[in-house]
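What you see below is based on every heavy atom in this structure, not just the backbone, and it leaves out hydrogens, waters and symmetry mates.
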Amino acid sequence: MAGLRGNQAFWVAAKQTAKGVEPTEWQDTYLFTDGNISPTRQTDQLSETDSNRNAGDFFVTQTGSEGAPAAYVRDASIHHLLEYALGTAVHEGAVNFTHKVSGAASLPYVTLGKGQGATLFEQFNDMKCDELSFNWSTGQPGTVAASFMGRGAVRKTEEWKAELAPPATSTAAPLSFNNAKVTLCGAETRLVSSFELTISNNLTVQQTDDAIPFDIVEGPLAVTLGFDYIIE
């Protein structure tokens, strides 16, 4: 997706109030740096005996959506991705904002949208964030990849209109590792050259009597951190 010029490929996201309830407005617009979002469809073949050598007919076992879109880390939107991955957030302030994000037993349902060029628009409903990965390295802007799993996908024939029109992408520069203040064991250090932080929710698909999954279920929460450290 990142191979397209300018803003020809973007993705949008918004928290739902409940499963099956579409949002009334998008919260953020992101430009792809990597990854994708797409519908999923699993099939199988009938295995009964018959009178010819042809393979059995195909049938659909499960549908849904998944993807791991990536973007640069910006002040204007990163708190929402953290809320999707951890569960709850309290937003305070009117000009200088404070976002307090914490873990919860249940994750919010999220709707994602994808626009490509001026011809393809897709919407992915009832998704949850399976994994959120941050990557920072010397001299580079931070990137975030958000892996989602969902229950459904809708291919639209035109761009979202009215209140669901995607908001403008933030014009602020991405947060750069050159501007970071890194602390280790409570003390500031200049010896860390890169790090990667991953929040994993270990989601599983819960399917019952329909090809569309009944739900996406949270698993154990895991947080991992890796970094490169210069030894003096």
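I199 is connected to L225 through a chain of hydrophobic side-chain contacts under 4.5 Å among Ile, Leu, Val, Met, Phe, Trp and Tyr, so both are in one cluster. One hydrophobic cluster, built from ILVMFWY side chains closer than 4.5 Å, holds both F148 and L197. Cluster annotation: L46 and F58 are assigned to distinct hydrophobic clusters (Ile/Leu/Val/Met/Phe/Trp/Tyr, side-chain heavy-atom contacts under 4.5 Å, transitive). F195 and L184 end up in the same hydrophobic cluster when Ile, Leu, Val, Met, Phe, Trp and Tyr side chains are linked at under 4.5 Å.
Under the 30°/60° scheme for interplanar angles, the aromatic rings of F10 and W160 are found to stand perpendicular. Taking the six-membered ring where the residue is Trp, H99 and H79 present parallel rings, their angle staying beneath 30° rather than reaching 60°. Using the six-membered ring where Trp is involved, F227 and Y229 have ring planes that are perpendicular, over 60° apart on the 30 and 60° scheme.
Annotation for L191: atom CG counts as buried by contact number, over 12 foreign heavy atoms lying within 6.0 Å. The neighbour count for D209 CG, taken as heavy atoms of other residues, nucleotides or ligands under 6.0 Å away, does not exceed 12.
Note that CG of L132 and OH of Y84 are 11.0 Å apart. Values are rounded to the nearest 0.5 Å. Between N135 atom CG and T198 atom OG1 the span is 8.5 Å, to the nearest 0.5 Å.
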Original post:
Does the pair W11 and T29 meet the rule for a side-chain contact (heavy atoms from CB on, under 4.5 Å), with working shown?
Top reply: CA-CA 6 Å; W11 54 286; T29 300; over 6 Å; no
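With sequence neighbours left out, D126 forms a salt bridge (Lys or Arg N to Asp or Glu O under 4.0 Å) with R151. In this view, Q140 satisfies the side-chain hydrogen bond (donor to acceptor under 3.5 Å, both in side chains) rule with no residue, not counting sequence neighbours. Judged as a side-chain hydrogen bond (donor to acceptor under 3.5 Å, both in side chains), and not counting sequence neighbours, D75 has no contacts. Under the salt bridge (Lys or Arg N to Asp or Glu O under 4.0 Å) criterion, E218 pairs with K128, not counting sequence neighbours. Take E92 and apply the salt bridge (Lys or Arg N to Asp or Glu O under 4.0 Å) test, not counting sequence neighbours, and it matches K100.
Listed for the T33 side chain is no donor-acceptor partner under 3.5 Å among the backbone atoms of Y72. Although no hydrogens or angles enter the test, the distance criterion places no donor-acceptor pair under 3.5 Å between the side chain of E196 and the main chain of S133.
Taking each heavy atom of I37 and E122 in turn, the nearest pair found is O-OE1, 4.4 Å. The shortest non-hydrogen separation linking A13 to V110 is CB-CG1, 4.5 Å.
Here L107 sits in one hydrophobic cluster together with M149, L203, V205, I216; the rule is ILVMFWY side chains under 4.5 Å apart, joined directly or through other members.
By the 6.0 Å and 45° rule, K114 does not stack over the aromatic ring of F32.
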